[in-house]
Amino acid sequence: MTFTELDSIAANLIDGEWGPGSGTATIEVFDPATGSRIAEVAPASIADADAAVAAAQRAFPEWSARPLSDRVRFLYRMRGLLEDNTEALARVITSDQGKTIEEARGEVARAMDFLETAIAAPMLYHGESVNVTTGLDARRVREALGVCLAVTPSNFPVMNTVQFSAWALVTGNTLIVKASEQDPIASSAAIRLLQQAGLPAGVLNLVHGRADVVQHLIAHPTVRAVSCITSSPTAKAIYAQAAAAGKRVQANGGAKNPIVVAPDADLDRAAAGILSSSYGMAGQRCLAGSRVVVIGEVYDALMAKLVAGAEQIVVGAGADEGVTMGPVVSAASKERIISALAEAEKLGATIVLDGRKVKPTGGAETEAGYFVGPTIVAGLDPREAVERRELFGPVINVHRVDSLDAAIELSNDTEFGNAASIFTTSGAVAAEFERRVRAGNVGVNAFPAPPANVTMGGYGESFYGDSHVCGAAPLDFFTDQKLVVSRW
């Protein structure tokens, strides 16, 4: 498939048919690198959302009755379509979301990883069988839930769309995807590819819209399960509404991820790890490090390495050669980050490296883009609200403490609990940190990004729900387990 401008324009997919929604508030889509409008999306109305649910409900009996091996074959075809169209899809991601072309290619590769993990479902589907007594047997089987809803984020519009689709569909469910309104073109492009695998009408549906559409779909009595990745306040609200209605929920929220640097750390390795974690994808990752905690006398040396490394990052349009950091996803995101830095300055913080002053490559064409350069903040009290909240941008707050105990205490001083890392050459220090830190994903001399086949998940306000989203955990989330006792 070759994407043309018209092919990749976001539309709603309902019951196998692509078309504009009948909603009233048009969604404008902007290229983050230039600030120019690249599309207008006619969103779904409440009636369109109901039509998507009805289509998914009609498709469910036949789809769930197919042999598991048959559904797996669809996933094989989906993976091939992604691989064959990686470059075209990556360029859509870059123009819609803003990340660099290399990061976009990596996102498509990760989407394929999730398909490969779901393809392994037959190896995980084994139930239990036991002979209770003479002539009496008991066995446990899995059944699909029914119609499911996935609300996808702006930072990985393709990967998360594919991730939720792969597991929902292979387990026999039908799915409605509500794409992020910040970059709906990339999600639409991904669904267009998946649909080319030959899925029956209604099995996979896509709607665009805002909070009213999401709330209506969550409340719909036919929707059995809700998956989302979003900010913590939104995740908490989705969880509260869905759980109160008896839905199954996996709601992944935000983060304030600490990176601890011990006195014995390899400082070159630590600086490189921090720069990659904190500035990759312009800091717009739920696992990105944003709070750096340095123990003792290595503070000045590490800070010098961080500044020198950050100054080497090339900021510009993601599609341009040589660019290593693109813009943030929207004008609102840029304004939120800039306002937070102004607030930090008023509270006495020192902006050691000021990303507000960045001059992106590309000249006049990028002047209206949503660029914030790598930013390093020091001297901000970690008790201040502006330091405690998630900025979701290329900003790190650096703190100096005197001991490992103090570093762990500061790492845990947050409502979130998504990721935490430590750089050290001591196994004992690493083990102590791993044991005491409150985070669902822990890195030792590494960024704790898990492979698709390993379960990940956060603590505290980083996660609300019943089951996490990676590894084999989605198998339990997307299926009910039935006990059958029989006597013959």
Side-chain angles (χ1 to χ4, degrees), residues 1-29 37-60 62-63 74-75 77-82 84-85 88-93 95-97 108 111 115 147-152 154 157-166 168-169 173-210 213-214 216-217 220 223:
M1 174 182 181
T2 300
F3 289 113
T4 66
E5 183 179 5
L6 291 178
D7 283 332
S8 59
I9 292 298
N12 297 275
L13 173 64
I14 299 174
D15 204 16
E17 297 293 329
W18 288 92
S22 57
T24 56
T26 299
I27 296 172
E28 293 184 306
V29 185
R37 187 172 61 187
I38 55 177
E40 289 186 354
V41 179
S45 64
I46 297 302
D48 294 331
D50 286 338
V53 174
Q57 187 176 22
R58 286 193 300 272
F60 174 71
E62 187 276 334
W63 179 250
F74 280 93
L75 267 60
R77 291 197 287 271
M78 291 174 181
R79 191 207 175 280
L81 287 162
L82 288 181
D84 292 344
N85 293 275
L89 189 53
R91 294 196 175 278
V92 173
I93 295 171
S95 66
D96 197 23
Q97 198 277 337
V108 180
L115 278 167
V147 178
C148 300
L149 169 66
V151 182
T152 59
S154 64
V158 167
M159 184 189 78
N160 292 134
T161 294
V162 173
Q163 173 185 5
F164 289 133
S165 298
L169 270 53
N173 301 283
T174 53
L175 183 67
I176 301 163
V177 175
K178 207 298 288 184
S180 169
E181 60 268 31
Q182 294 189 77
D183 47 11
I185 296 177
S187 296
S188 296
I191 295 288
R192 285 180 186 274
L193 281 174
L194 300 187
Q195 194 70 5
Q196 287 186 21
L199 290 171
V203 170
L204 181 60
N205 305 273
L206 172 68
V207 297
H208 299 285
R210 297 181 174 84
V213 172
V214 175
H216 181 78
L217 287 168
H220 200 293
V223 173

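These values consider heavy atoms only, across backbone and side chains, with no hydrogens, waters or symmetry-generated copies.
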**Prompt:** Please walk me through it: do M78 and L169 pass side chain to side chain contact (heavy atoms under 4.5 Å, CB included)?
**Reply:** CA-CA 12 Å; M78 291 174 181; L169 270 53; 3.9 Å; yes
Minimal heavy-atom distance between A197 and R77, with the atoms involved, is O-NE, 2.9 Å
May I have the step-by-step check of side chain to side chain contact (heavy atoms under 4.5 Å, CB included) for V147 and H220, ending in yes or no? CA-CA 10 Å; V147 178; H220 200 293; over 6 Å; no
Salt bridge (charged side-chain N to carboxylate O under 4.0 Å, His left out) filter on R79, not counting sequence neighbours, yields E83, E116
One should read off an interatomic distance between N160 CG and S154 OG, to the nearest 0.5 angstrom, of 10.0 Å
### Query
With side chains defined as the heavy atoms from C-beta onward, is the minimum distance between V151 and F164 less than 4.5 Å?
no
Checking V162, V177, L75 against L194 for side chain to side chain contact (heavy atoms under 4.5 Å, CB included), the one that qualifies is V162
Item to complete: Kindly indicate whether the side chain of L206, heavy atoms from C-beta on, has any atom under 4.5 Å from the side chain of L204.
Response: no
Practice task
Verify the distance criterion only: is there a donor paired with an acceptor across the side chains of H208 and S187 at less than 3.5 Å?
Solution key: no
Could you tabulate the donor-acceptor pairs under 3.5 Å formed by side-chain atoms of residues 40-51, not counting sequence neighbours?
unit_1, atom_1, unit_2, atom_2, d
E40, OE2, R37, NH1, 2.9
S45, OG, S22, OG, 2.7
S45, OG, A47, N, 3.4
S45, OG, D48, N, 3.1
S45, OG, D48, OD2, 3.2
D48, OD1, S22, OG, 3.3
D48, OD2, S22, N, 2.7
D48, OD2, S22, OG, 2.9
D48, OD2, S45, N, 2.9
D50, OD1, H216, NE2, 2.6

Would you call K178 and T152 a side-chain contact if the rule is heavy atoms closer than 4.5 Å? no
I185 vs I38, side chain to side chain contact (heavy atoms under 4.5 Å, CB included): CA-CA, chis, key distance, verdict
CA-CA 10 Å; I185 296 177; I38 55 177; 4.1 Å; yes
### Sub-4.5 Å side-chain heavy-atom contact between R210 and I27
yes
